[in-house]
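Take a look at the structure below.
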Amino acid sequence: MLNKLLIQLRESKFKLITLGVAFLLGALILTLLVCVVTHTSPEALLDSLGSPEILFAVRLSLTTSLISTVLCIIIAIPMAYAMARYPFRGKSILNTILDMPLALPPLVAGVGLLIVFGSTAFGKGLADMGIKFIFTPAGIVLAQFFVNFPFMYRILKSTFEGINPRYEHVSRTLGCTEARTFWRVSLPMAKNGVVAGAIITWCRGIGEFGAALMVAGATRMRTETLPISIYLNMSCGDLDLAIAAATILIVISVISLYTFEKLGGTAKLF
Amino acid sequence: MLNKLLIQLRESKFKLITLGVAFLLGALILTLLVCVVTHTSPEALLDSLGSPEILFAVRLSLTTSLISTVLCIIIAIPMAYAMARYPFRGKSILNTILDMPLALPPLVAGVGLLIVFGSTAFGKGLADMGIKFIFTPAGIVLAQFFVNFPFMYRILKSTFEGINPRYEHVSRTLGCTEARTFWRVSLPMAKNGVVAGAIITWCRGIGEFGAALMVAGATRMRTETLPISIYLNMSCGDLDLAIAAATILIVISVISLYTFEKLGGTAKLF
Amino acid sequence: MISITDLHINLGEFALRGVSLSVEDGDYLMVLGPTGAGKTILLETLAGIYTPKSGNILIGGKSILNIPPRKRNIGMVYQDYMLFPHLSVDKNIRFGLKANKVDKEKADEKIKSLVELLNISHLMHRRPGTLSGGEQQRVAIARALIVEPRVLLLDEPLSALDAKTRATLREELRRIHDITGTTMIHVTHSFDEAFLLGNRMAIMDHGEIIQEGEISEVFRKPNCKFVADFVGTTNIFYGESLVRNGLSFIKIDGTEIVSGIPAEGHVYATVRPEAILLSLHPIESSARNAFKGKVSRILDEGSIIKVEINAGIPMIAAITRRSLEDMEIFPGKELFMTFKATDVHVFKV
Amino acid sequence: MISITDLHINLGEFALRGVSLSVEDGDYLMVLGPTGAGKTILLETLAGIYTPKSGNILIGGKSILNIPPRKRNIGMVYQDYMLFPHLSVDKNIRFGLKANKVDKEKADEKIKSLVELLNISHLMHRRPGTLSGGEQQRVAIARALIVEPRVLLLDEPLSALDAKTRATLREELRRIHDITGTTMIHVTHSFDEAFLLGNRMAIMDHGEIIQEGEISEVFRKPNCKFVADFVGTTNIFYGESLVRNGLSFIKIDGTEIVSGIPAEGHVYATVRPEAILLSLHPIESSARNAFKGKVSRILDEGSIIKVEINAGIPMIAAITRRSLEDMEIFPGKELFMTFKATDVHVFKV
């Protein structure tokens, strides 16, 4: 019996080592999350969570991230469908361009948005019409949209690519136009992809920092989302408030990730 | 002839609209990149690129991102293999934990690392041994590693999952141990995944901002990577230097993305 | 009548290269060919999914090239059913009627009689994913038939099914064709299926139609080595032919085979293994070809046995297991082979 | 000798439920069964990939359960070849020798003779991806054989190949077995393959061995309806049997069939379609079963024709196309059927 165990152990040394690494890293991540949440006393945490600043940040984060997610869905669905279905000249170049925001550091994207909407004639024209992005909450939405739509787009593209075009062929031989086919066949079949993409986009939107910092700045109680609140409060040393904002973001991340995995969400990103 | 064209146009209205959205967004992204690169005069850009500050930032960014990428590879390979191959109790929980850093805003991850390595007994012990992460370049490596290893891990996991375990079964019936099978069969077959993952990890590492800002701070000529340099120079209004750093990051992103897509890199991330 | 003339289209991997074909109303045309021959793309071009580079498709004398798929009134059934997974069976079948704005009462009536014909009335409230392969294919056929298409295109409709279901559905298709009289174009890679269902047959390879005609005609008279190989003749001989009195005398390695088809010079001669009669003693008959030979190999294919006999050249005869046992055939045994000159088909190299 | 006793293992989708089996040295055992029967998992448990929950595997009287795969000396060949794509053919075949630290000179010698046996000497410097399916499978077989395994496990090795290559490789496997004498366990879902290759056969379903024995014995005497269906008997009748003089007289809907196997009560009787002789006139013979009936259906399966004849109960006889034409059989024609009592197999319900 002992002999058998020893043999098995020797044979599975490799398994133990590789699994060990996984467990070790899992422990590190878990420790980190617990450390953040328990860094202040529960009373201080509750106090901070109820403070007007954190309440403002929660409200602003939820509003901006919801708007930017809806925008991402509206823009990404037709884009993803077109890129998944139609062949055309220059497609691979367009594809690489559309993937760019994924590879671009958010800070650089923020600088770009600041320049385009702040100092070009186009941006100034928009501002004159009352559509101002620079140092406004609208700028946060813009930053979240620009940095996160590639996630929505890629998830949807792979979803549409996973739907056999023959479903659409059948629909079209049965009397539907392409548009009707899209609404009655392709989109309903892509439902899971849309939901999964929306969760990811929203979760990333709510945590967006670099691009939003450049476009909308960090103004207390004006463009103060949860990440900006962490940044501001860490800078001025008000750790309790920073921890409160971080705790909320951790809870949101855990819930989003869990929901996403429950939905069986797997989507090719790269 | 005209009639034929009109019919085709009516039939493909849907195609035109959806493709139009894709092209419009492609144009926006391209404009943004061009705006950043051409914002200053070529002479000013060249001057800034040659400045000691930018040279320091380039050197620091390259060093830290290379080290963190190597760390990611070393840690992610055994982890990914174990999670792709072995069934065990609690696997799905561990899996969700290992995915956490992907859903966590980098800023929150940064705060967590700051707390774990700055104010726990474990972190203080390390510091006493001379291993200091807080406000040091080593902190940048730590931040990059923590935020980006899930990318490496996920790409590798899907790569290993894509390799039929029967290759390994055959190898084992031919006289190889599990470890030897891994080195002689699984890893060589996963080569493309490792390269693709390394590119993504490196590209994201070089652009990492939020987590590095929290752990290593933004100290000119000390923890000043390219993103930190953009942040510092935007804050103090030295636009030329910020643009120079942003231009370098854009060039790096474009090259990485292009290489990745040339390698046929597609890896499930979510 | 559908008439396709000189159709060219290139989709990279698959292509059509000058396909011409005509199908009479009520025909059951089988399209055969190996993978990659361009069979599916032919159907999809007919349905209007792809626009050909050149060539024309006429139905009833009018070109349909500028008509979008939804107005062509051509039904499509795929190998993998392609039932909409988010809709119930009922809604799948109703799909075409809704798109064509047929009013509900009339729709209900049409559906009722069609689902009864196809024996799927009990499945109407199920989701496609919960059905067996055979059931799914019935639903797919119903969905295509409900809009009363002029032509029904079937793309390997039986390939994904097990042997038993395949046989049942094959009979079903024949019955549907008999009852509705719908023109059918049915793609398959199975020669047996073609033989059992169609009245005409077209053989495709590399995007071209290699041979077209009555099924039995193609079966008996393949016009080239590819078709002969494809329809399963395993006795293919290469030789030199001389014509006398309207008969071909073909010299193959010293052996002479007689064929009823006159062709001079270098030819291929084919004899289907089932056409060769085996006997223990010489047979007196009108058959022109009679050989004596020794059994060199017995290929047991389960229910049918192929016996290879060396009579100067190796010939293969197909017999039943029963005959094998009755005649006590074993390797080395001497046997007589007899086959008619009309069973020997000849084509020029 | 390999002896498997009461093997249990559960991998969720697939499982073994008390499998016992013994294989003599030099046997060629065919394992048949439908998809999901647990055939592959049986092989992989033998090879040591999975550890059984209970039961034992003995080779030469010693349990091998605690021996890791690399020391079991059992070779494995999969349907999809599983050649290492990053290694050349040469390095693939050399893989096992390197792992076992055989010195280069001896290795070269062994490889040389094996690749000549398998006709793959010209492929040695190619990458597996550039080879045809048949070539890849030869290489996979060489890779497994080079370490001289005690047992070679073949998991549907011919299923991914086209008919022609399949036939060639089948002969090749037979030859290898004859030459090397290696014990072979070959999983397949094709009855023909089993018949052509093996000397023994085991039929599996739902993780259990349903029947095991000499091939021809299983073929002629299926021990239950599942096996009978599986081996392809299409004449399966349900009736009531009475035994007189050692013969079973089975009443089936008013018709009586005689069988040489005594069994009383409710039984299934099976007759293979090829065992039924058709004739235009009654045949005088010792055959116990003779019926007159009308042709109700002709199922043309290409080279073989199945004729359904109603003689009170519908029976199916298999004949060649040639016979069909000679006898001018058409639906409605009256024919005589004759088959021996020993061709009727009977098993209890």
Side-chain angles (χ1 to χ4, degrees), chain A residues 14-15 17-19 21-22 25-26 29-33 35-36 39 75 78-79 81-83 86 94 96-101 103-105 107-108 111-113 115-116 120 178-179 182 200 203 207 209-210 214 227 230-231 234 242 246 249-250 253 256-258 261 265-270, chain B residues 14-15 17-19 21-22 25-26 29-33 35-36 39 75 78-79 81-83 86 94 96-101 103-105 107-108 111-113 115-116 120 178-179 182 200 203 207 209-210 214 227 230-231 234 242 246 249-250 253 256-258 261 265-270:
Chain A
F14 182 74
K15 181 171 166 180
I17 293 174
T18 54
L19 265 181
V21 175
L25 218 82
I29 295 168
L30 211 58
T31 311
L32 189 139
L33 296 182
C35 274
V36 173
H39 194 67
I75 304 281
M79 254 175 74
Y81 185 79
M83 295 299 283
Y86 306 121
L94 183 57
T96 306
I97 293 174
L98 291 175
D99 286 344
M100 266 312 293
L104 211 61
L107 210 62
V108 177
V111 171
L113 290 172
I115 293 174
V116 171
T120 61
E178 283 194 61
F182 176 78
I200 290 292
C203 172
F209 170 61
M214 288 294 120
I230 297 179
Y231 167 72
M234 287 299 283
L249 284 172
I250 287 175
S253 304
S256 303
L257 194 65
Y258 182 79
E261 295 195 342
T266 46
K268 264 189 200 163
L269 251 190
F270 284 101
Chain B
F14 182 74
K15 181 171 165 179
I17 293 173
T18 54
L19 265 181
V21 175
L25 217 83
I29 295 168
L30 211 57
T31 311
L32 188 138
L33 296 183
C35 273
V36 172
H39 194 65
I75 304 282
M79 257 176 72
Y81 186 79
M83 295 299 283
Y86 305 121
L94 182 57
T96 307
I97 293 174
L98 291 176
D99 286 344
M100 267 311 294
L104 211 60
L107 210 61
V108 177
V111 171
L113 289 172
I115 293 173
V116 171
T120 62
E178 283 194 60
F182 176 77
I200 290 292
C203 173
F209 171 60
M214 287 295 118
I230 297 180
Y231 166 73
M234 287 300 283
L249 284 171
I250 288 176
S253 304
S256 303
L257 194 64
Y258 181 80
E261 296 195 340
T266 46
K268 265 188 201 164
L269 251 190
F270 284 102

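These numbers were taken from a predicted model, which means no experiment stands behind them. Convention: sequence-line order gives letters A, B, ...; per-chain numbering from 1. Excluded from the calculations below are hydrogen atoms, water molecules and symmetry mates; all remaining heavy atoms, backbone and side chain alike, are included.
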Looking only at non-hydrogen atoms, find the nearest pair between [X] and [Y] and report the distance.
{"X": "Asp99(B)", "Y": "Glu261(A)", "answer": "OD2-OE2, 2.6 Å"}
{"X": "Leu257(B)", "Y": "Ala103(A)", "answer": "CD1-CB, 4.2 Å"}
{"X": "Gly26(B)", "Y": "Leu98(A)", "answer": "N-CD2, 3.7 Å"}

May I ask you to name which of [options] has the most heavy-atom pairs under 4.5 Å with chain B?
{"options": "Gly210(A), Cys35(A), Pro101(A), Ala22(A)", "result": "Ala22(A)"}
{"options": "Val108(A), Thr120(A), Ile29(A)", "result": "Ile29(A)"}
{"options": "Leu19(A), Leu113(A), Ile230(A)", "result": "Leu19(A)"}
{"options": "Ala242(A), Gly207(A), Ala246(A), Ser253(A)", "result": "Ser253(A)"}
{"options": "Val111(A), Val36(A), Leu25(A), Thr31(A)", "result": "Leu25(A)"}

>> Could you measure the distance from the OH atom of Tyr81(A) to the NZ atom of Lys15(B)? Nearest 0.5 Å is fine.
In response: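 Answer rounded to 0.5 Å: 11.0 Å.
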
> Between atom CG of Leu107(B) and atom CZ of Phe209(A), what is the distance when rounded to the nearest 0.5 Å?
Replying inline: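 That separation rounds to 5.0 Å.
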
Can you say whether [X] sits under 4.5 Å from chain A via the side chain, the backbone, both, or neither, judging by heavy atoms?
{"X": "Leu33(B)", "result": "side chain"}
{"X": "Ser256(B)", "result": "neither"}
{"X": "Met234(B)", "result": "side chain"}
{"X": "Ile75(B)", "result": "both"}

> For Leu32(A), is it the side chain, the backbone, both, or neither that has a heavy atom closer than 4.5 Å to a heavy atom of chain B?
Replying inline: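 Answer is both: backbone and side chain atoms of Leu32(A) are under 4.5 Å from chain B.
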
> Given a strict heavy-atom distance threshold of 4.5 Å, which part of Ile115(A) is in contact with chain B: side chain, backbone, both, or neither?
Replying inline: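 For Ile115(A), the contact with chain B is made by the side chain alone.
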
> Do Tyr86(A) and Phe14(B) have ring centres separated by under 6.0 Å?
Replying inline: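 Judged by ring-centre distance (under 6.0 Å), Tyr86(A) and Phe14(B) do not meet the cut-off.
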
> Which class fits the ring pair Tyr231(A) and Tyr231(B): parallel under 30°, tilted 30 to 60°, perpendicular over 60°?
Replying inline: perpendicular

>> Before you tell me yes or no, could you show the steps for Leu104(A) and Leu249(B) under side chain to side chain contact (heavy atoms under 4.5 Å, CB included), namely the whole-Å CA-CA distance, both residues' side-chain angles and the distance that decides it to 0.1 Å?
In response: CA-CA 7 Å; Leu104(A) 211 61; Leu249(B) 284 171; over 6 Å; no

>> Only pairs of heavy atoms separated by less than 4.5 Å count here; which of Val21(B), Leu30(B), Ile17(B) has the most with chain A?
In response: Val21(B)

